[in-house]
Structures are given as C-alpha cells and as structure tokens.
There are 2 protein chains.
Amino acid sequence: MQKRPAPREKKRLTPRQNDTFEFIRGYMRKHRKPPTLREIGEGLGIRSGNAVSKLVEALVRKGYLEREPNAARGLRLAGAEEDPFRLDDAPPNLLIISRTNSREPERLRERPGGYLTVDPRLLPGVRHPDRCLIARAGDDGMNGDGIHKGDLLVIEEASWKDLRNGEVAACLVGEMLYARRIFFLNDRLHLRPADRHYTEETFAPEDPGCYVVGRVLSIMRRL
Amino acid sequence: MQKRPAPREKKRLTPRQNDTFEFIRGYMRKHRKPPTLREIGEGLGIRSGNAVSKLVEALVRKGYLEREPNAARGLRLAGAEEDPFRLDDAPPNLLIISRTNSREPERLRERPGGYLTVDPRLLPGVRHPDRCLIARAGDDGMNGDGIHKGDLLVIEEASWKDLRNGEVAACLVGEMLYARRIFFLNDRLHLRPADRHYTEETFAPEDPGCYVVGRVLSIMRRL
DNA sequence: GAAAGAGGTGAAAATTATTTCACATGTTCA
DNA sequence: TGAACATGTGAAATAATTTTCACCTCTTTC
C-alpha cells in the first residue's frame, strides 16, 4: 500500500503570481534558503509587505507553496517534504580518541583527535551510535584476526562486565590501546592476542593499569 | 589544470562544536534552510542565545560556516556559494556491487547491493568520491595483508593501465572478486596474493576472464 | 597564579520579519 | 451591476531573531 500524496491539482496562476513563484524558486536555488517577504518585494518591485503577503497567500492556496506562520523565511516549495534525497538521519560522526589521554579513562573524550563518519551498518545492534568511539590499534597483537597496528577500531563503550568471553575488546594498557580477545576466568581478565609473537596478559579486574574501553564492532583501514 | 578550491584549512573542532555543526548540517538537509539560533539551542539543549551565538562564531572562525550578520537564518555552509550544485557536504554514499553481475564489467553498477556511507578520509586523493565502489573480498588470498574473505573493499575505479606495480587491486576473475597486488611485467598482468596457500596467477591484459575493477583504497570489516 | 579559551545563564536592546488594518484601482464573471 | 478576486500603497502592531552586556565555571597554558 503506497501512501500517495493526493495529486493536488495545481490551479492556474496569474502572471504576477507566476513571477512571484519563479522568483522564490530562483532565490531558493541560489541561496539555498527561502526569501523573506521583503526580499520578494524587492525582487518584484513591490513596496508593500502586504501585497507580497497576499501573493504568497495565493500561491499557498493554489498549492504551490507551504508556509510556516510567523516564522522568518517560513516558506517552502510544496511537496518538498517528499524529497527523496532528503536524509533525515545522517550517519553518526564518531569521535576519534588519541592514546595521549589514557590515564583517566573518564576523560577519554576530552581531547578529540577528529571525527569520522561511520555507516550505521558497521554498528550492528548499537542503540546510541553517537556514544561509540574510534581509536587506533596500538600494536600488531591481533594480526591473526586481520587487525593491524594503526587500524581504526570502531568501539562501543562497555564495561568489561558487559563483555562476553571471546569478544574482541579495546583496552588501554598503560599508555597504549590494544585490541584483544577478552576472557574473564578465575576472577581475572585475560587479554588474548591472535599472533604468536605476543603473549597473553592477565589483570585483576580493578587493576588501574588496564582499562577496558569497550567492544570492537568494526575495523577500518586505509591502505 | 585542476580547479582546486582553495585548501582552506579547517581547524579541529571541540566535541560541542562538532555537535553544533552536525546539528546545523542535519537541519539543513532536512528542512532545506538554515536553522535560527534558537532552534540550534533547542536541538542542543542550550537556553542562552549567546551561548549558541558563540558556538556558531567559533564555527565561522574555524572555517566551517559563513554568516550573514543580522539576517534571520543567516547561516550557510562554508564554500556553498562556490559550488551551488553541492547540496551539502554529506559524506558520499557508495554503491556496493555484488559479484552476481560480473560477466559484463560495464554493467557493474546495475544491480546495486545497497549503499554504504564512507568518510572521505578513507578515500585519500580521490577526486570524485561518488564514482567509487564497494565490493566484498571473495577469498582469503590477502590474509597476509590483513584482508579477509568478506571484507568490504573501497575501490576507486581505474583501468589496470593506471595502476602502479604493487598496488592492491580489485579484480573480477570469472564470477569472483579478489583483492591482489597487481604487477604488469613482460606484457602480462600478475595477481599476487599475500598468503602462501594461494598462488600467483597471470593473465594477458585483454583476457576477458580477468577484469581489473580498480585500486583498493580502504577496507572495512564488521567483526 | 594570571591569562586565555570553551561553554554557559539571563536579560535587555536592536533589527528584521510577519501580520493586520484601512484604503485604493482595476478586472472578471454570473 | 454587484460580488469576488487580483494587485497595490503605507503605516502600525506584533512576533521572531540576532546582538550585546555583565557575569559565571571550568580547564588548559604559560
């Protein structure tokens, strides 16, 4: 079932109304915003605000324009809301964290290293995309899983308590951020690399030397 | 001679400034006109017109916006007037090609497999981002370089003649799409894998069984 | 420890825009 | 030949919007 907006027969315009409509359309193409009544008046050589208002009123009545009462530049072309190019939700722009501010995890977001737009399809199951972060992998410890040093990690912030055994986590260890598979066994956190040149490390859950930022959802890499 | 729009170094934004800029962009996409300061404030939960004004001022100072003093909705995205056809500077939405339509490379774009938004920072040096493509790696032949089967490859379309030896290329071989390092030696195309379980293959440049789609710029992977 | 910057409140002032009023002059159409 | 409509002028009232002030809290930087 398609919701077809009633065809909305557009009534015929008088020459002056057509001038007005053409001016408004031209103005919007050029300035990317609607004109004020005064600007329309100037464009058409009309000195009276009222005269312009009546012309606009006629265009609204005949189905060419829509008007938001009392709003500055409150005009819009009729049917503009059906614009197929309109994106009402832009993909989130995520903050890239740098590893220089690692000592206090609460301040992770304080020194932004820029932003990166990430398609929501790379954030599966995420409820609040804007709360995700991006960081760079600090070493090659996950080479075996195709994560290399410098890769961009898309991270959903989460406590280690919320991670399941075997998930890939982003962890701040000292000054560096690493991707590792995380396991919670015998009251200790195990960070397991996927490369035989690296060794598994374990920490007490509250060890300030190891802070689990969250789960790694996706990776991105510029070749 | 390329008409490069003046570099206009955009300075780094604070998180709050980024929120503001994203809100304004989103509003403009949605409403096709700039927001008022009050509307921005409502969107960001700021009660003071002055606070909004300062944020906008910072965005103007840092080169993201332009402002027409005293005008209602007097904002515009920086550079919008130099490129009137640019709707906004939303990141490009790239077409994902599926390997089902591989027989006729000219028709690569005919059966879209969806679109993915890709940040321009993952498209280094690309002049026409919208002409890039996305495809999935068909095998594990580049495991050694951290590209796995199923990874999303961001591809800049290019003839094999435009690729330099050693670049990572996306190639359609038969029904499958592979990432490989490409070499042109002794009048033949060499597709070199980065995994010892795979062997290098060579083709005559015009062999219809091997079509080079372009260079791989970036990869993305959902874990 | 002073200075500078980011981000904020709240209120008043200045500007810009829209709306409404009274009053015109035509044209069109039943 | 009215009634209804299209097009205007000009002024005043109202509402929306931007600008400016004074002042505040943090945090970073030198």
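Chain letters run A, B, ... following the sequence lines, proteins first and then strands; every chain starts at 1.
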Check every atom of C:dT19, D:dT17, D:dT7 against the side chain of A:Pro69 and return the nucleotide holding the closest atom.
C:dT19
Would you indicate what A:Ala51 reaches in the nucleic acid, counting non-hydrogen atoms under 4.0 angstrom: base, sugar-phosphate, or nothing?
base
Quick test: give all pairs of protein nitrogen or oxygen and nucleotides 21-23 of chain D nitrogen or oxygen below 3.5 Å, distance rounded to 0.1 Å.
{"unit_1": "D:dC21", "atom_1": "N4", "unit_2": "B:Asn50", "atom_2": "ND2", "d": "2.9"}
{"unit_1": "D:dA22", "atom_1": "N6", "unit_2": "B:Asn50", "atom_2": "ND2", "d": "3.3"}

Round to the nearest Å and state the distance from A:Leu37 atom CG to C:dT19 atom P.
7 Å
Which whole-number value in Å describes the distance from A:Glu39 CD to D:dT17 C1'?
14 Å
Can a side chain N or O of A:Arg47 be found less than 4.0 Å away from OP1 or OP2 on D:dG8?
no
Starting from P on D:dT19, measure out to CD on B:Glu68 and report it in whole angstrom.
10 Å
Salt bridge (charged side-chain N to carboxylate O under 4.0 Å, His left out) between A:Arg180 and A:Glu200, intermediate numbers included:
CA-CA 9 Å; A:Arg180 289 289 188 277; A:Glu200 182 165 323; over 6 Å; no
Please determine if a side-chain N or O atom of B:Thr14 lies less than 4.0 Å away from the OP1 or OP2 oxygen of C:dG7.
yes
Restricting to non-hydrogen atoms, name the atom on B:Gly150 and the atom on B:Arg136 that form the minimum distance, rounded to 0.1 Å.
O-NH1, 2.7 Å
If I take atom CZ in residue B:Arg38 and atom P in nucleotide D:dT19, what distance separates them, rounded to the nearest angstrom?
14 Å
Is it the case that A:Thr202 and A:Arg188 place a side-chain donor and acceptor less than 3.5 Å from each other?
yes
What residues, two or more places apart in sequence or in another chain, satisfy salt bridge (charged side-chain N to carboxylate O under 4.0 Å, His left out) together with A:Asp195?
none
Rounded distance (Å) that lies between atom P of C:dA17 and atom CZ of B:Arg73
11 Å
Can you work out whether B:Gly45 or B:Asn70 has the more 5'-proximal nearest nucleotide on DNA chain C?
B:Gly45
Rounded to whole Å, please give me the gap between CG in B:Leu44 and C1' in C:dG7.
12 Å
Measure from the side-chain N and O atoms of A:Thr20 to the backbone N and O of A:Arg16, and report whether any donor-acceptor pair falls under 3.5 Å.
yes
Could you state the CG-P distance from A:Leu75 to D:dA16, rounded to the nearest angstrom?
16 Å
Nearest listed nucleotide, side chain of A:Leu55, among D:dT7, D:dT19, C:dA6
D:dT7
Residues pairing under side chain to side chain donor-acceptor pair (under 3.5 Å) where one sits in residues 214-223 of chain B, two or more places apart or in two chains, turn out to be B:Asp151-B:Arg221, B:Glu156-B:Arg215, B:Glu167-B:Arg215
Of the candidates C:dG7, C:dG10, C:dA17, the side chain of A:Ala72 sits closest to C:dA17
Closest nucleotide among C:dG7, C:dA6, C:dA17 to the B:Arg61 side chain
C:dA6
If you take all heavy atoms of A:Phe203 and A:Asp207, which pair is closest and at what distance?
CD2-OD2, 3.4 Å
Has the side chain of A:Asp139 got a donor or acceptor atom that lies under 3.5 Å from a matching backbone atom of A:Gly141?
yes
Select base, sugar-phosphate, or nothing to describe what B:Thr36 touches, counting heavy atoms under 4.0 Å on all strands.
sugar-phosphate
C:dG8 C1' sits how many Å from B:Arg16 CZ, rounded?
10 Å
Within the 4.0 Å heavy-atom criterion, would you say A:Ala58 contacts the bases, only the backbone, or no part of the nucleic acid?
nothing
